[in-house]
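Data block below; observations after.
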Amino acid sequence: MNTDLKRRMLLRGTIAGSAIGIAIGAGLLTPKAVLAAWPKEAFTAKDIPGALHSLMGADNAEESGEINIKAPDIAENGAVVPVTVSTTLPDVESIAIIAANNPVPLIANFNLLDGAEGFVSSRIKMGKSGDVIAVVKSGGKLYRTSKEVKVTIGGCGG
Amino acid sequence: MAENSIKIRAKLKDDVVTVKALMTHPMETGNRKDSKGETIPAHFIQEITCSAAGKEVINAQWSGGISKNPYISFKFKGGREGDDLTLTWMDNKGNSDSATVKVG
């Protein structure tokens with residue numbers, strides 16, 4: 001693991017001055033295509049379709065009853081909102097968590113690899129009340145579900 | 001980064017390993033201002049990878065929208081008692097930390 005990490009850091013460091021770096025700068029290659037790096041575009045997109053498009057290559061997610069979001073109906077503190085996403089969909093490749101009304105809606109993406117179950121849990125920040133959306137990529141297609149969370153104290157201003 | 005920024009547990013039950021981890025990290029979005037009105041620079045974990053017995057089971061990409069001192073939990077099949085489970089994070093400033101536990 002450690003060597004893998006070092007390799008990644010090295011790759012990242014090299015990219016700045018290399019031909020690949022220039023190609024990225026010119027928009028010829030997306031960084032994602034070069035290495036599985038942090039998807040900056042998706043994490044700066046201000047709207048959900050934009051974020052989904054750059055993260056998953058499509059934004060036409062289908063509503064699914066096979067995804068379950070566990071989150072409080074009312075969150076007293078928007079800085080810490082526990083969210084658990086589980087799904088019974090087959091062949092889950094990834095799960096993304098989105099807070100619809102946050103300045104940057106995409107919060108996290110989890111890639112589930114060998115043996116991982118369709119389950120992730122974390123704690124997120126919510127600037128104000130709104131939908132928490134889970135997008136699941138299963139068998140190459142996108143599925144989504146959402147749950148409204150009321151926030152009494154926003155979490156983005158601290 | 002300070003040592004032991006990660007607390008992690010991995011428990012095997014009915015063929016499924018449940019992993020729970022807590023990390024110590026400020027998770028600054030870069031949108032907040034301090035008392036003098038100056039922007040607090042973004043400082044958050046961007047990437048998490050977790051592998052069991054040398055095989056990667058999950059990786060995650062995060063924004064500053066994950067709460068301070070992040071919590072993550074996930075489950076996977078195929079793990080055995082005594083397997084090494086390693087979690088590594090890397091933040092937007094290039095800091096990283098890693099912790100390994102045995103599946104119990």
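So you know, we letter chains A, B, ... as the sequences are listed, proteins then strands, and number each from 1.
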Exercise. Using the side-chain contact (heavy atoms from CB on, under 4.5 Å) rule, take B/S5 and B/W89 through it: C-alpha gap first, then chi angles, then the decisive distance, then the call.
Key: CA-CA 10 Å; B/S5 78; B/W89 60 254; 3.1 Å; yes
Quiz item: Contact part of B/V19 toward chain A, heavy-atom cut-off under 4.5 Å: side chain, backbone, both or neither?
Solution: neither
Self-check item: Contact origin within A/L112 toward chain B - heavy atom pairs under 4.5 Å
Solution: both
Quiz prompt | Residue selection (most heavy-atom pairs with chain A, distance under 4.5 Å) from B/I58, B/N92, B/T100 | solution = B/I58
Self-check item: The single option from A/D131, A/D73, A/N68 passing side chain to side chain donor-acceptor pair (under 3.5 Å) against A/K147
Solution: A/D73
Quiz prompt | From B/I66, B/T88, B/N59, B/L87, residue fulfilling side-chain contact (heavy atoms from CB on, under 4.5 Å) relative to B/I48 | solution = B/L87
Quiz prompt | Proximity breakdown for B/K55 and chain A, heavy-atom pairs closer than 4.5 Å | solution = side chain
Quiz prompt | Contact origin within B/K20 toward chain A - heavy atom pairs under 4.5 Å | solution = neither
Quiz item: Can you find a heavy atom in the side chain of A/L113 that is under 4.5 Å from one in the side chain of B/F76?
Solution: no
Self-check item: Residue pair A/S129 / A/N101, side-chain heavy-atom distance below 4.5 Å
Solution: no
Quiz item: Under a single-linkage definition using a 4.5 Å side-chain heavy-atom cutoff for Ile, Leu, Val, Met, Phe, Trp and Tyr, are A/L89 and A/I97 assigned to the same hydrophobic cluster?
Solution: yes
Quiz item: For A/V81, is it the side chain, the backbone, both or neither that has a heavy atom under 4.5 Å from a heavy atom of chain B?
Solution: backbone
Quiz prompt | Residue A/V120 versus chain B: region with a heavy atom under 4.5 Å | solution = both
Quiz item: Hey, are B/D84 and B/K102 close enough for a salt bridge, meaning a charged N less than 4.0 Å from a carboxylate O?
Solution: yes
Self-check item: Largest heavy-atom contact set with chain B, pairs under 4.5 Å, which of A/T44, A/V104, A/N109, A/I124
Solution: A/N109
Quiz prompt | B/L22, part contacting chain A, at a heavy-atom distance under 4.5 Å | solution = side chain
Quiz item: Are any of the side-chain heavy atoms of B/F74 and A/F110 separated by less than 4.5 Å?
Solution: no
Quiz prompt | When B/S63, B/G79, B/A60 are compared by non-hydrogen pairs under 4.5 Å with chain A, the top option | solution = B/S63
Quiz item: Side chain, backbone, both or neither: which part of A/F119 has a heavy atom under 4.5 Å from chain B?
Solution: both
